[in-house]
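Here is the naming used below: chain letters follow the sequence lines, and residue numbers restart at 1 for every chain. We use all heavy atoms of the structure for the numbers below, so side chains are in, but hydrogens, waters and symmetry mates are not.
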There are 2 protein chains.
Amino acid sequence: MTARTPTDAVRDIPEATVARLPVYLRALTALADQGITTCSSEDLATAAGVNSAKLRKDLSYLGSYGTRGVGYDVDYLRYQIAREIGVTQDWPVVIVGIGNLGHALANFSGFRSRGFRVVALLDADPALHEQQVAGIVVRPFDDLEQIVRENDVAIGVISVPAFAAQDVADRMVAAGISSILNFAPTVLSVPPGVDVRKVDLSIELQILAYHEQRKAHGEPV
Amino acid sequence: MTARTPTDAVRDIPEATVARLPVYLRALTALADQGITTCSSEDLATAAGVNSAKLRKDLSYLGSYGTRGVGYDVDYLRYQIAREIGVTQDWPVVIVGIGNLGHALANFSGFRSRGFRVVALLDADPALHEQQVAGIVVRPFDDLEQIVRENDVAIGVISVPAFAAQDVADRMVAAGISSILNFAPTVLSVPPGVDVRKVDLSIELQILAYHEQRKAHGEPV
DNA sequence: TGCGTTTTGTTCTCACGTTCACAAACTCCT
DNA sequence: AGGAGTTTGTGAACGTGAGAACAAAACGCA
Ligand SMILES: NC(=O)c1ccc[n+]([C@@H]2O[C@H](COP(=O)([O-])OP(=O)(O)OC[C@H]3O[C@@H](n4cnc5c(N)ncnc54)[C@H](O)[C@@H]3O)[C@@H](O)[C@H]2O)c1
Ligand SMILES: NC(=O)c1ccc[n+]([C@@H]2O[C@H](COP(=O)([O-])OP(=O)(O)OC[C@H]3O[C@@H](n4cnc5c(N)ncnc54)[C@H](O)[C@@H]3O)[C@@H](O)[C@H]2O)c1
């Protein structure tokens, strides 16, 4: 049964808050690295670049982990946020498409340190197979199903050309992956229950360009 | 009231809409590549992966570019959106930090095709200088000011390690750059009038992990 | 203990964003 | 020309998010 008992009350954290929790987590790690053990919402908000009222409200969705008049214990709060996000253990991840971007991603040190573990690099190009990238052997794309099964992989990263992205996504979903991070500049269609997030350089630049154009308009040189 | 006087000409487009315009632009380009010359809001919404009412409302902020009972002329609408975003001409861009990620970015073909032109690759490491990446010579970071001045650069991309990102941003702002795309996992502080957008792999993965954890919770194997 | 200080957790209000639903406007066909 | 069919553009309802403000809770100190 998927019935949620009142005691089991899975709190509903707003999406906007979920998107900020990783930022808080990183800010807390930075504070901890500086040897700071306690911080106020004001301190943490500054480090995370947000309004302190917003920060407190965000944290209140997780529970009451602060002490009035004192602030938050850095390590304790860090653990609570990590637990809420689900990165107290490492998530296995596969990367498909080991071209320019795939190489960079494979070498990205932030995976391991932030709750993820690259279990396989896959590419359709036979010329890449057996080659090592970041200490991991590149394997044929057709090994996807086996790798997902053996490692219980839930998260896949797509860094293939746009024309191939939908096919790769379909194969990922069929293999059992239910969360996809897509770097290809294309809209993926996936069945319900599968989450897709995209990272799109061109879109980000175009948003900047829009605002840049407006600045130039209102403020002649 | 709704009269557009020349002074009042700059309408206020909601930020959420601005973020979707590039998606529509890409969807329209895809349709045009398929030889499609006219499309309904339903068609375009499907291609862009959004609700058709939302699409129509978004487009209504730009003006009335459709024809009732018919739909939108693909090329005409494409031009209107490109003009609104400001990508009818190319924006000069500098990339700072030519490591793993910087190499990938330099090789990214989407810059040129989507309204941007990489005018310089900069890095602090002398070992990289004079080397060519994607046909462009890597130059010393200290050339930044000169390059920004000579090419009228408004947009900078940061792909240096996190600890160096704030310094690079400060130098960029001092040099006259007013829009920054930051790939380093750190919060940048910049003066008012400077726009910063971030691309953060770890955050995206952690958001996926959060939802993935919930799926596992509610739905036992 | 009691008082002043600090800082959290929460409530309230306003702004922004999404979606529905439909009149207006256009085409096509007879 | 007129009616049937189609699709846009937008007003209105609803939902989500941001930020100000403040009561409640903890601490320190006399
Ligand atoms: N390079 C960048 O900085 C950058 C930035 C933003 C977005 N992107 C996007 O990321 C994607 C990858 O970019 P890139 O520069 O690495 O391209 P690339 O051509 O260098 O690499 C693509 C890789 O995918 C592999 N591939 C192709 N089809 C495949 C399939 N069906 N299954 C498995 N592997 C397959 C190719 O063999 C190749 O190794 C593209 O969609 C690009 O638009 C790249
Ligand atoms: N590799 C990835 O896929 C990836 C993904 C997400 C985020 N990032 C982030 O992007 C950034 C770059 O990642 P990377 O893997 O390319 O790192 P990298 O170490 O390979 O490259 C960094 C480059 O920046 C240069 N640099 C350092 N300090 C500089 C300075 N002050 N001025 C100019 N240049 C300077 C270095 O010489 C080096 O060439 C990091 O912050 C990383 O966290 C990388």
Under the 3.5 angstrom rule, does the side chain of B:D75 hit a backbone N or O of B:Y79 as a donor-acceptor pair? no

Length of the line joining A:L55:CG and C:dT7:P, which is rounded to integer Å: 14 Å

Check: A:Y65 ring centroid to A:Y72 ring centroid under 6.0 Å: no

Whole-Å gap separating C1' (C:dT8) and CG (A:L62): 14 Å

Write down the atom of A:V148, the atom of A:A175, and the distance for their closest heavy-atom approach. CG1-O, 3.3 Å

Look at all strands and tell whether A:E15 reaches a base, only sugar-phosphate, or nothing, counting heavy atoms closer than 4.0 Å. sugar-phosphate

Grab the CG-C1' distance between A:D58 and D:dG19 for me, whole Å please. 12 Å

As a test of reading the structure: which of C:dC20, C:dC22, C:dG9 is closest to the side chain of B:R56, going by heavy atoms? C:dC22

Can you tell me how far P of D:dG9 sits from CZ of B:R68, to the nearest Å? 6 Å

When you match A:V70 and B:L59 each to their closest nucleotide on DNA chain D, which lands nearer the 5' end? B:L59

Would you say A:S40 reaches C:dT7's phosphate, i.e. side-chain N/O to OP1/OP2 under 4.0 Å? no

Under 3.5 Å: donor-acceptor pair, side chain of A:K215, backbone of B:S178: yes

When the distance from NZ of B:K54 to P of D:dT7 is rounded to whole Å, what number comes out? 21 Å

Distance in angstrom units between B:Y72 OH and C:dT27 P, rounded: 15 Å

Separation of atom CG in B:D12 from atom P in C:dA15, rounded to whole Å: 14 Å

Please check: side-chain N/O of A:N182 versus main-chain N/O of A:T186, any donor-acceptor pairing under 3.5 Å? yes

Phosphate-side-chain proximity, A:S41 and C:dT8, N/O vs OP1/OP2 below 4.0 Å: yes

Would you indicate, yes or no, if C:dC20 has its OP1 or OP2 atom less than 4.0 angstrom from a side-chain nitrogen or oxygen of B:N51? yes

Provide, to the nearest angstrom, the distance between the OH atom belonging to A:Y61 and the P atom belonging to C:dT11. 11 Å

Tell me if the side-chain of A:K57 makes a donor-acceptor pair with the base of C:dT10, cut-off 3.5 Å, by modelled atom types. no

Classify A:A16 by what it touches in the nucleic acid, base, sugar-phosphate, or nothing, heavy-atom distance under 4.0 Å. sugar-phosphate

